[in-house]
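FYI, the numbering just counts along the sequence from 1. Being a predicted model, the structure only gives us computed values, none of them experimental.
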Amino acid sequence: MTIDILKSELLVNIDAKREEMIGIAISGDYKDKKSIMCSQELDQLLYKYQQILFEEKRNTNISFLELMKVIKKVS
């Protein structure tokens with residue numbers, strides 16, 4: 001798996017989680033446990049994606065294995 005594929009998969013997961021969270025919020029209460037859990041999961045996905053972008057910017061020659069180590073640290 002390349003970094004670009006990983007980023008693409010994360011973006012798909014981010015979009016799906018965002019849609020899920022919107023659906024939960026529309027059908028229920030913003031303070032509902034499901035809504036809060038979904039929001040936290042979205043935050044984690046966004047954080048992982050942001051870490052990838054940060055590492056790419058910091059070191060354009062980062063290897064895939066090094067990137068996976070970074071992602072595992074934040075997971």
Side-chain angles (χ1 to χ4, degrees):
M1 179 183 298
T2 67
I3 293 170
D4 290 332
I5 292 172
L6 180 62
K7 287 190 320 188
S8 294
E9 286 181 0
L10 272 171
L11 287 174
V12 168
N13 290 338
I14 287 167
D15 190 49
K17 190 57 68 174
R18 184 181 293 128
E19 290 296 322
E20 180 184 348
M21 188 176 78
I22 290 169
I24 291 170
I26 288 172
S27 66
D29 184 7
Y30 285 101
K31 297 177 184 177
D32 182 47
K33 189 175 183 178
K34 285 183 186 178
S35 181
I36 293 169
M37 286 178 58
C38 193
S39 176
Q40 290 171 343
E41 291 168 2
L42 177 59
D43 288 345
Q44 290 173 351
L45 291 169
L46 289 168
Y47 184 72
K48 286 179 185 180
Y49 187 77
Q50 188 177 27
Q51 283 300 112
I52 291 170
L53 295 180
F54 175 77
E55 288 298 323
E56 279 185 322
K57 187 173 183 179
R58 186 176 72 114
N59 182 3
T60 56
N61 295 323
I62 190 168
S63 74
F64 182 72
L65 291 175
E66 290 170 342
L67 180 61
M68 292 308 293
K69 288 178 187 176
V70 169
I71 292 171
K72 286 182 181 181
K73 285 180 187 177
V74 298
S75 295

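Remark: S39 pairs with M21, D43 by the side chain to side chain contact (heavy atoms under 4.5 Å, CB included) rule, at least two apart or across chains. Residues forming a side-chain hydrogen bond (donor to acceptor under 3.5 Å, both in side chains) with K34 (at least two apart in sequence, or on another chain): none.
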### Message
Let's go through Y47 and Q50 carefully: what are the C-alpha distance in whole Å and the side-chain angles of both, what is the deciding distance for side chain to side chain contact (heavy atoms under 4.5 Å, CB included) to 0.1 Å, and is it a yes or a no?
### Response
CA-CA 5 Å; Y47 184 72; Q50 188 177 27; 4.3 Å; yes
#### Entry: Verdict with reasoning, K7 to L53, per side chain to side chain contact (heavy atoms under 4.5 Å, CB included)
CA-CA 9 Å; K7 287 190 320 188; L53 295 180; 4.1 Å; yes
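Rounding to the nearest 0.5 Å gives a distance of 12.5 Å between CD of E41 and CD1 of I36. Rounded to the nearest 0.5 angstrom, K17 NZ and Q44 CD are separated by 9.5 Å. Here the CG atom belonging to N13 is positioned 9.0 Å from the NZ atom belonging to K48, to the nearest 0.5 angstrom.
Heavy atoms only, all atoms of each residue included: L42 and I14 are closest at CD1-O, 3.6 Å. Summarising the geometry of I52 relative to L6, their closest heavy-atom pair is CD1-CD2, 3.7 Å, with the distance given to 0.1 Å.
Counting only distance, with no hydrogens or angles, the side chain of S35 and the backbone of D32 share no donor-acceptor pair below 3.5 Å.
No continuous path of hydrophobic side-chain contacts links I22 to L11 [ILVMFWY only; heavy atoms under 4.5 Å].
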